[in-house]
Structures are given as structure tokens and as C-alpha cells.
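Quick notes on the structure that follows.
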There are 2 protein chains.
Amino acid sequence: MTDVEWIAIDWGTSNLRVWGMNANGRAVREATSTNGMNLLARDQFEDALMALVSTWLNGPTIAIACGMVGARQGWMEAPYSTVPCEPLGEGIVKVPTQDARLQMHILSGIKQTSPADVMRGEETQIAGFLALNKDWDGVICLPGTHTKWVHVSAGEVVSFQTLMTGELFGLISEQSVLAHSVTSEGWSDAAFEEGLSTAMSRPEALAARLFNIRASQLLEDTAQDTGRARLSGLLIGAELAATKPYWLGQNVAIVGSAPLASHYTTALRGQGVPVTETDPVAMTVAGLTAGYKKLKGIT
Amino acid sequence: MTDVEWIAIDWGTSNLRVWGMNANGRAVREATSTNGMNLLARDQFEDALMALVSTWLNGPTIAIACGMVGARQGWMEAPYSTVPCEPLGEGIVKVPTQDARLQMHILSGIKQTSPADVMRGEETQIAGFLALNKDWDGVICLPGTHTKWVHVSAGEVVSFQTLMTGELFGLISEQSVLAHSVTSEGWSDAAFEEGLSTAMSRPEALAARLFNIRASQLLEDTAQDTGRARLSGLLIGAELAATKPYWLGQNVAIVGSAPLASHYTTALRGQGVPVTETDPVAMTVAGLTAGYKKLKGIT
């Protein structure tokens, strides 16, 4: 016996996370694995999923996934919806399975034609945020490897923009010459603020500020904690300069995990922007729940 | 018998290059190895050098090196000169050797206190350029992994700035999500120009333009050659925006290798800047020759 009515799945590039949802919409089971989309061939997805959920199944069960599992290299391609559109667009793709108990579905991502941009997974978090915050208009910022800035109005995604800030931070702090001057942990609020204000006041000079971190450490023996926070401040400052048309004069909701989300909050509040922080996992589950209701025709 | 009067050495992080110079200042021998500074412990430098030059020695012979060999992790630290200073500063460090025939010397690098910056090796190319171009005033740009922009006046380095453009290009094109959208070879002049003008006209938006390269390729199947040239244009455009105070209204000499040097030339000429391209290896040898003359008291 199991009280799992349906299965919610967040299936990204490098992680798989599943929840068994009961009839009241509560997660009563949870499991994770590192079987991300990157590791799996097309015919391995079902086994990777069943390894986590098979004991939860008690007859035919709907499963709904979001994320890179729906990419061209994923289990099955779920074509993009095009902005402007509701975050879950029209697309819920049914995926054939070997095990008849599994009624597998994948939610579509969203694309924008000009400027060209794509998302997969974040649209579900946006749907979750809007399910919990009816009639909310403003800008949703989803910080991460590829941070998304999303303009939401009247329940639709109007436009969005992706910035590779998180990925650049990882590459520069771990693999460039700055790796010698940046710790993998540690923080300095003052150095973050300094990097932030430097990059925001003269964003065009960013490229000239990075090597400074190395040179300061060589010449002045600056602490490596300082280097890390300064680099983060410079890159987030450059991001805020680039996305000013998105956040200026708007409500901003941040869907992201600490500590990164709180750096964005600090930076935006410093610009006088009203910011709400929300839990990204709760938004994913709420968004998958919205997908489930849509599939079942529940409003 | 050998006609090698002294030995010129360019010893960088990952390569060692030596020339046997005759009494007329001509390179009559040449050899290279991959025994860069990164691979060697302090007590391995002499052997690495002698493996290339021992057959050239016919009695006590002066050897002069520039580059990372003089860093703290190198053979022996050659302290930085501080701007404003002549490119070869005051510092020629004598290095003790096992083999008495080798009279080893290392040229100092240059540092700048504010903003903090350092160079090792480029100062020798600058000295070479000035030896060949007496009374030249202007800005020398040395494109590479870490591009240097150097303001030179009245025979001195007045100030300089390092940009990590080359290293960022390598990391982003090979290791980020853009690697899927960028070839390792190939080029498109039109895509380079487009990236360049995008970054120069709105440098603050650079961070938002990178992911575009990936999204365009996903949605429009843009050629990977185009992605490579566009990324280069965006990063060089951001560099030119950051270094505008250096090049605006100046003579610029570029000391660098094709094809990178020619991309900088194209970009600067597009801004109406008069540009001279020079051969970086010739400048290194000329600079080491200037160091040799200085050591011998020849003017």
C-alpha cells in the first residue's frame, strides 16, 4: 500500500530529484540521485527513475518532470513554448514507457526568438511562484549556473534573459590564474560591496578589474576570502548593469538558494529595489503540481 | 668552436626558448623546449637550460632571461621595478649556477601599485620595441592570454593594465556551455564585427550576450564558426570599451602573433586608431639584446 497519488520530478543536467505526492498535494516521499540528464542515454532514463520510485507505485501513476530531461539529448524532446506564453505553455509531452504503471510526462521549456534565449526547468518554478502568488506582476530572478531574469505580467512570461554569471564565476575562480587568489570558501561583505559598486558604476571596465584581484594578492598579499567576494561582487555587479532594464522600478522575486540568492538580494536592495526571496525547491514542487492539475483538468 | 657570444632566453610559464647571439647581435643558434616555469622546481632550471645550450658554450658566457623564470616560483625572484620606470628598470639579477661557464641573469618585471598590476616578460618586448623605435610615444598593446595595455612616454612605462581576455576566451569557448556552439577553428569576419560592435556600443550588456550564442545555435542552428568569431568579437569589444582611456587619440603598436593580433588591429582601425603591428619574437630578442648591452655598459 502506498499513498502516493502522483510523482513530481525535477530532472536536471546533473541531478534527479523526485517526490511522491499524496491526494492532498503534500510530498510524502522524496528521493534523489546523481543520474542527471548528462549521464544517461535515451533508453536509460526509465530505469534511472524506477530505481527511485518503483516501490511507491501501486497501479498506474502519473509522473510529471521538468528540466533538461526534456532537451533534445534527454529522454524525449518536449518542444519549447514561445514567449509571450503562460509559464507552462501548452506543452505537456506524454512519454512511452516499458512499465505500464508509469504514466510519464515532461513539461515544455520556453524559448524567445529575439534575442534568442531558452529555459528548461525555470518555467516550472515560475508557474509555482504564480500559483502561490496570484495576480503577481514583476520580475522573477532565478540565480544559478545560468541566471534567468524573467518579466512576468498577467500570468504570462513576457520576455526573459539568461546570464552565465554562475558558470563564469566557477570557471574564473577555479580554473583561471585567479584560482591562486580566490578561496573555495570564505567571504567578505566589504569586498563584495566594493566589487559590486565598481562593476555597477563602470561596467564597461569590468574586464580590466579581474586581473586586479591577482595582482593585489601578489603585491599586497590580500586575503583569498577577499578575492572570492570581490570576484562575486564584480560579476554580479556586471549582471545587474546588464539587466537594469529588467529590474529598474520593478518588484523582484528571487527564486534561488542561499548564499547566492542572498547576494542578489543584498545587491538589489542596495539599488532600492523591493525584493522577495523564495525557496526554489518549494517553487519547483508547486510548479509541478500546477502541471499535474493542468493535466487532470483541475482548476 | 662556437660563435655564440651570449645567450638570449625567453622563459615563460609553459615554454623555454633560447637563442645563441653572435658578436654582431645576430641569432646564430635557436632551440626550444616545453620546460616552462610551471614544470620546474628551483633546482631543475639550470639543467633544463643546459640541455639546450651546453654545446654552444666555449668558456664563460653571459645568459639573459626574461619572463616567469623571475617569478617567486621561478629560478630566482627578480624583484619588480615600479612604474614610472624604464622598461628594463634597474633590475638585472645575477643567478648563481653550478656550471661556471654559465653567467646567468634574469631581468626584472614591472609592477604598478594602484591599480595593482604586474608584468613579467612584456617589459622586455617593450624595451625591444623602444630600442628599434627611438623616441616613440604612445600605447603598446600586447595581446595574449593576459593582454597588456601599456602607456609609454619619454622612454618610460607610465602605466599599464592587464586584461584576461585571452584566458576568458579559452575557458568560455572550451569549458562552458558555449563549447557546444563554438568550433576550435574557423572564423567569420561578419560575426566578429557584430560581436565587437555589440560589446562596444553597450559594454554593460556583455554578460547578457554570451548565452545568446548558445541559444542562437539551439534555435537557429547558427554555424559554430560564427559562434567562435562572435565570442571573440564580444570579448575584444568589451576589452576595447574597458581600455578606451588607453587607446583613444593615441598611436597604438601591437606586439602579438597572428591571428589574434590582427583581430585587435581590425578592431582598433575600425575606431580610427593608427595601428602598427610588430613581430613579438623579434621584440623579445631586441629587448634581451637591450638588457645585454645594459649589463655590459654599452650605449
Side-chain angles (χ1 to χ4, degrees), chain A residues 13 71-73 80 82 111-119 145-149 161-165 167-168 170-172 174-178 180 199-200 202-220 222 235-246, chain B residues 13 71-73 80 82 111-119 145-149 161-165 167-168 170-172 174-178 180 199-200 202-220 222 235-246:
Chain A
T13 304
R72 205 170 297 169
Q73 322 90 296
Y80 297 108
T82 305
K111 73 178 175 190
Q112 176 175 280
T113 309
S114 178
D117 217 325
V118 291
M119 68 168 78
T145 307
H146 296 159
T147 298
K148 308 283 178 183
W149 291 82
Q161 196 163 40
T162 302
L163 286 96
M164 293 170 53
T165 306
E167 186 166 18
L168 289 177
L171 287 172
I172 294 172
E174 289 163 24
Q175 298 193 47
S176 84
V177 69
L178 297 193
H180 305 292
M200 290 198 70
R202 285 201 57 212
E204 77 285 1
L206 171 73
R209 297 291 173 248
L210 295 175
F211 190 75
N212 261 186
I213 293 173
R214 174 67 179 148
S216 299
Q217 206 246 330
L218 277 175
L219 298 181
E220 298 152 26
T222 319
L235 293 178
I236 291 178
E239 173 167 344
L240 292 193
T243 55
K244 200 166 189 174
Y246 269 81
Chain B
T13 304
R72 206 170 298 169
Q73 322 90 294
Y80 297 108
T82 305
K111 73 177 176 192
Q112 177 174 280
T113 309
S114 178
D117 217 325
V118 291
M119 67 167 79
T145 307
H146 297 159
T147 298
K148 309 282 179 185
W149 290 82
Q161 196 163 40
T162 303
L163 286 97
M164 293 170 52
T165 307
E167 187 166 17
L168 289 178
L171 287 171
I172 295 171
E174 288 163 24
Q175 298 192 47
S176 83
V177 69
L178 298 193
H180 304 292
M200 291 199 69
R202 285 201 57 212
E204 78 285 2
L206 171 74
R209 297 290 173 249
L210 294 176
F211 190 75
N212 261 185
I213 293 173
R214 174 67 178 149
S216 300
Q217 206 246 330
L218 278 174
L219 299 181
E220 297 153 26
T222 319
L235 292 178
I236 292 178
E239 174 168 344
L240 292 193
T243 55
K244 201 165 188 174
Y246 269 81

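Just so it is clear, the values below take in all heavy atoms, side chains as well, and ignore hydrogens, waters and symmetry mates. In what follows, chains carry the letters A, B, and so on, assigned in the order in which the sequence lines appear, proteins first and then strands, with residues in each chain numbered from 1. These figures come from a predicted structure and were not determined experimentally.
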Subject >> Contact class of Leu219(A) relative to chain B, heavy atoms under 4.5 angstrom >> reply: side chain
Original post:
Checking heavy atoms, do the side chain of Leu168(A), its backbone, both or neither come under 4.5 Å from chain B?
Top reply: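 For Leu168(A), side-chain heavy atoms alone lie under 4.5 Å from chain B.
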Identify the heavy atoms of [X] and [Y] that sit nearest to each other, and give their distance.
| X | Y | answer |
| --- | --- | --- |
| Ala242(A) | Ala205(B) | CB-CA, 3.7 Å |
| Thr113(B) | Glu220(A) | O-OE2, 4.0 Å |
| His146(A) | Phe211(B) | ND1-CE1, 3.7 Å |
| Leu218(B) | Arg72(A) | O-NH2, 3.5 Å |
| Asn212(A) | Ala116(B) | ND2-O, 2.8 Å |
| Glu167(B) | Val177(A) | OE2-N, 2.9 Å |

Original post:
Side chains of Thr162(A) and Arg214(B): closer than 4.5 Å at any heavy-atom pair?
Top reply: no
**OP:** Please confirm whether the backbone N or O of Ala208(A) pairs with a side-chain atom of Gln161(B), one donor and one acceptor, at under 3.5 Å?
**Re:** no
**OP:** Say whether, by atom type as modelled, one donor and one acceptor occur between the side chain of Gln175(B) and the main chain of Leu171(A) under 3.5 angstrom.
**Re:**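 Between the backbone of Leu171(A) and the side chain of Gln175(B) there is no qualifying donor-acceptor contact (under 3.5 Å).
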Original post:
What is the distance from atom CD of Glu239(B) to atom CG of Leu206(A), rounded to the nearest 0.5 Å?
Top reply: 12.0 Å
Subject >> Distance (rounded to the nearest 0.5 Å) between Arg209(A) CZ and Leu163(B) CG >> reply: 9.5 Å
Original post:
So what's closer than 4.5 Å to chain A heavy atoms on Thr165(B): side chain, backbone, both or neither?
Top reply: neither
